[in-house]
Amino acid sequence: MSLLIHNREYSTEITAADHGKRVSIAGWVHEKRHLGGVFFLIVRDFSGFAQVTLHKGEVEKGLFERVKKVPRESVVAIEGKVKRERKAPNGYEIIPERMEVLNEASQILPLDITGKVGAELDTRLDARFMDLRTERTKHIFIIRSRVLKVIRDFLDGQGFIETNTPKIVSAATEGGTALFPISYFEREAFLNQSPQLYKQMLMASGFDRVYEIAPIFRAEEHDTTKHLNEATSVDIEVAFVSAKEVMAILEELIACVYSEIERYPGLSKLNLNLEVPKIPFRRITYDEAIALLSETGEEIEWGEDLSTSAEHTLGELIGELYFITDWPCAIKPFYAQPIDVEVEGKREDICNAFDLMHPKLELASGSQRVHSYELLKRNIESKGLNPDSFEFYLDAFKYGMPPHAGWGLGVERLLMSMLEIDNIREVVLFPRDRRRLAP
RNA sequence: GCCCGGGUGGUGUAGCGGCCUAUCAUUGAGCCCUGUCGAGGCUCGGACUCGGGUUCAAAUCCCGACCUGGGCGCCA
């Protein structure tokens with residue numbers, strides 16, 4: 001057996017115009033339809049499907065029997081002649097001369113991937129390798145790849161450099177979330193909750209514009225359709241700008257991602273109507289948000305974070321992507337810059353922070369950062385944290401730290417909201433949640 | 001962490017004290033069928049999460065464990 005799979009062609013590369021040509025295809029046995037005298041074998045590859053047709057009596061008997069026997073989802077290579085055929089799905093079919101079974105699939109599959117019988121997400125995740133063979137799931141991850149590429153292209157085009165910061169960190173955390181402890185030789189360490197501190201330190205490097213696309217780890221025991229314990233975050237940090245500029249970068253980036261994905265042909269497999277959002281996005285202040293909520297009877301005390309139902313109410317009211325700005329300092333991290341009361345004429349204890357909201361959930365949050373060593377140290381203390389454990393971070397603010405601003409965007413949340421997918425686990429190949437550690 | 005649901009062949013389901021030797025679809029095996037594209041027809045195979053309890057009788061009711069769906073909290 002030595003079929004030449006090195007020159008195999010994809011099913012969609014072959015057309016009726018290749019009539020008479022000898023070709024090799026390789027892929028998975030998607031379906032078999034036996035009509036007695038004629039047998040159809042549907043082979044699936046990355047690009048699509050090819051119909052292999054065997055007429056009893058016209059094809060060698062041994063081959064007919066072997067094709068008939070090969071279990072579904074086995075990996076096969078087939079060599080044969082292309083025949084123009086109006087009755088075949090792609091306008092052509094392959095009349096096989098040889099078939100090599102590269103790997104025979106065990107029978108009784110963990111999932112039906114032809115779409116005849118559905119499966120629950122949990123079942124699909126248990127057999128994710130097989131779930132990825134379905135059209136819908138396949139395209140979700142091709143789209144994910146495209147989204148990441150667009151983000152990189154966009155940021156690269158704006159003069160950013162891509163960076164990689166450590167995921168194993170010492171105890172210091174910006175607070176707010178629980179960390180996963182790990183054993184680091186003789187010491188305890190943690191998995192990084194976000195690249196926040198490191199990307200800020202890079203602002204003292206002179207790079208001016210940095211971004212990172214990397215996993216973040218949260219040890220929260222939340223068990224919802226929009227949380228993961230390992231997620232992917234796009235983080236940017238920009239020197240010599242304020243929150244306003246990085247908000248503009250964010251909305252342009254989101255619009256750019258939407259318009260790129262809108263053009264993706266595989267989108268049709270997801271059955272949705274994707275509308276590119278118009279920029280600039282609407283901006284409302286925290287004060288306006290709670291006033292709006294109050295009108296609908298949902299009272300939020302000033303200084304409290306928005307509840308899930310408050311987010312949903314606001315989302316229904318506004319109906320499109322929007323920013324909430326001017327948050328109370330108390331519910332934002334220590335690195336968010338308080339507004340300048342003299343200049344901006346607003347009340348005290350508000351900071352220059354913003355959240356990017358989709359009507360259904362929060363997508364990103366960012367702020368103008370504190371760049372004064374003294375203020376940053378005071379803020380850390382006022383949050384009840386110990387500045388000593390932030391020494392490595394604070395040091396960067398002692399020797400020339402420019403004003404800067406940045407944000408972090410959840411890749412999975414962007415994907416799920418854009419693709420109207422209800423469960424965040426669907427957009428991660430192998431999700432990590434409260435219960436799932438394998439596969 | 002709190003509050004509600006649910007665990008039945010490989011997959012998706014019906015049944016919710018005796019009619020269950022458990023329904024249907026799909027899958028698998030076999031047979032018929034020369035143009036299927038969710039092919040069709042016939043035959044066969046395959047399941048009540050686990051452990052206690054109640055009852056003459058438990059898939060069905062109760063308790064616990066494990067798994068799981070949703071909402072909320074926390075959080076991005």
Side-chain angles (χ1 to χ4, degrees), chain A residues 30-42 44 48-59 64 68-69 71-73 83 85-91 93 105-127 130-131 134 173-179 193-196 215-235 304-312 331-333 353 355-358 361-366 407-414 416-417 422-425 433-436:
Chain A
H30 187 69
E31 283 193 277
K32 300 189 292 182
R33 295 192 201 101
H34 189 190
L35 282 75
V38 64
F39 189 97
F40 299 105
L41 180 78
I42 311 300
R44 184 187 69 247
F49 303 89
Q51 175 166 292
V52 178
T53 306
L54 298 91
H55 290 277
K56 202 172 193 171
E58 290 175 30
V59 76
F64 193 92
K68 217 172 84 177
K69 283 267 174 340
R72 287 168 64 210
E73 294 306 313
K83 184 183 165 207
E85 177 55 70
R86 220 168 284 140
K87 285 177 280 186
N90 299 331
E93 59 193 14
S106 290
Q107 239 142 39
I108 305 182
L109 305 168
L111 283 181
D112 164 52
I113 69 163
T114 61
K116 289 176 197 161
V117 182
E120 290 189 20
L121 182 57
D122 196 55
T123 306
R124 290 167 46 205
L125 291 175
D126 282 339
M130 178 133 328
D131 180 48
T134 64
T173 150
E174 62 231 61
T177 193
L179 301 185
Q193 73 173 95
S194 93
Q196 183 62 34
I216 55 172
F217 304 91
R218 309 278 164 105
E220 296 292 338
E221 298 202 9
H222 33 44
D223 203 352
T224 76
T225 52
K226 59 181 188 188
H227 289 93
L228 291 165
N229 293 295
E230 178 177 348
T232 308
S233 168
V234 177
D235 270 87
E304 267 181 31
D305 212 341
L306 302 182
S307 65
T308 304
S309 78
E311 281 184 9
H312 291 166
I331 49 173
K332 285 293 172 186
D355 280 6
L356 172 63
M357 307 295 298
H358 178 275
L361 78 173
E362 181 186 335
L363 297 184
S365 62
W407 45 254
L409 164 72
V411 171
E412 287 82 10
R413 287 190 170 189
L414 172 61
M416 73 184 286
S417 59
D422 291 332
N423 196 317
I424 197 165
R425 293 163 182 84
D433 62 33
R434 178 70 186 88
R435 298 185 177 102
R436 187 173 285 278

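Keep in mind that what you see is a predicted model, and the values were worked out from it rather than measured. Throughout, protein chains are lettered first and strands after them, A, B, ... in sequence-line order, and every chain is numbered starting at 1.
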Grab the CG-P distance between L111(A) and rU11(B) for me, whole Å please. 9 Å
Looking only at atom C1', what distance separates rC33(B) and rC24(B), rounded to whole Å? 26 Å
Heavy-atom contacts, protein to nucleotides 30-35 of chain B, under 4.0 Å, summarised as B (base), S (sugar-phosphate only) or - (none) per nt, yield ---BBB
Hey, is R218(A) close enough to E220(A) for a salt bridge, meaning N to O under 4.0 Å? no
Counting the atoms with a prime plus P, OP1 and OP2 as sugar-phosphate, which does A231(A) contact under 4.0 Å by heavy atoms, base, sugar-phosphate, or nothing? base
Give me, pair by pair, the N or O atoms of the protein and of nucleotides 23-28 of chain B that are less than 3.5 Å apart, along with how far apart they are.
{"unit_1": "rU27(B)", "atom_1": "OP1", "unit_2": "K116(A)", "atom_2": "NZ", "d": "3.0"}
{"unit_1": "rU27(B)", "atom_1": "O3'", "unit_2": "R72(A)", "atom_2": "NH1", "d": "2.9"}
{"unit_1": "rG28(B)", "atom_1": "O3'", "unit_2": "Q107(A)", "atom_2": "OE1", "d": "3.4"}

P atom, rU60(B) versus rG9(B): distance in rounded Å? 15 Å
Quantified in whole Å, what is the C1' atom distance between nucleotide rU49(B) and nucleotide rU34(B)? 48 Å
Nearest-angstrom distance from the residue atom CZ of R124(A) to P of rG12(B): 11 Å
Separation between the C1' atoms of rC19(B) and rG6(B), rounded to whole Å: 26 Å
Is there a side-chain polar atom (N or O) of S307(A) under 4.0 Å from OP1 or OP2 of rC72(B)? no
Pairing check on rC72(B): which nucleotide meets the Watson-Crick or G-U wobble criteria with it, both distances under 3.5 Å? rG1(B)
So do the side chains of E73(A) and H30(A) get within less than 4.5 Å of each other, counting heavy atoms only? yes
With a 3.5 Å limit on both atom pairs, tell me what rU23(B) is paired to, counting Watson-Crick and G-U wobble, or say none. none
Report the residues that fulfil side-chain hydrogen bond (donor to acceptor under 3.5 Å, both in side chains) with D305(A), sequence neighbours left out, ordered by chain and then residue number. none
How close or far is atom C1' of rA39(B) from atom CZ of F39(A), stated in whole angstroms? 13 Å
Which residues share a salt bridge (charged side-chain N to carboxylate O under 4.0 Å, His left out) with E221(A), sequence neighbours left out: R434(A)
Whole-Å P distance, rC16(B) and rC74(B): 42 Å
Tabulated below should be each protein N or O lying under 3.5 Å from an N or O of nucleotides 42-44 of chain B; please produce it.
none

With nearest nucleotides of RNA chain B determined for E412(A) and P110(A) from heavy-atom distances, which residue corresponds to the more 5′ nucleotide? P110(A)
Assigned partner base of rC61(B), Watson-Crick or wobble definition, under 3.5 Å: rG53(B)
What's G118(A) touching, base or sugar-phosphate or nothing? Going by heavy atoms closer than 4.0 Å. sugar-phosphate
Indicate whether OP1 or OP2 belonging to rC37(B) is found under 4.0 Å from a side-chain N or O atom of R33(A). no
Do any N or O atoms of the protein come closer than 3.5 Å to N or O atoms of nucleotides 64-71 of chain B, and which pairs are they?
{"unit_1": "rU68(B)", "atom_1": "OP2", "unit_2": "R435(A)", "atom_2": "NE", "d": "3.0"}

Determine, stepwise, if the pair H358(A) / R413(A) fulfils side-chain contact (heavy atoms from CB on, under 4.5 Å). CA-CA 9 Å; H358(A) 178 275; R413(A) 287 190 170 189; over 6 Å; no
Whole-Å distance between rG10(B) C1' and I113(A) CD1? 14 Å
Using the ring of each side chain (for Trp, its six-membered ring), is F64(A) parallel, tilted or perpendicular to F39(A), with breaks at 30° and 60°? perpendicular
Report the base-pairing partner of rC44(B) (Watson-Crick or G-U wobble, both distances below 3.5 angstrom), or none. rG28(B)
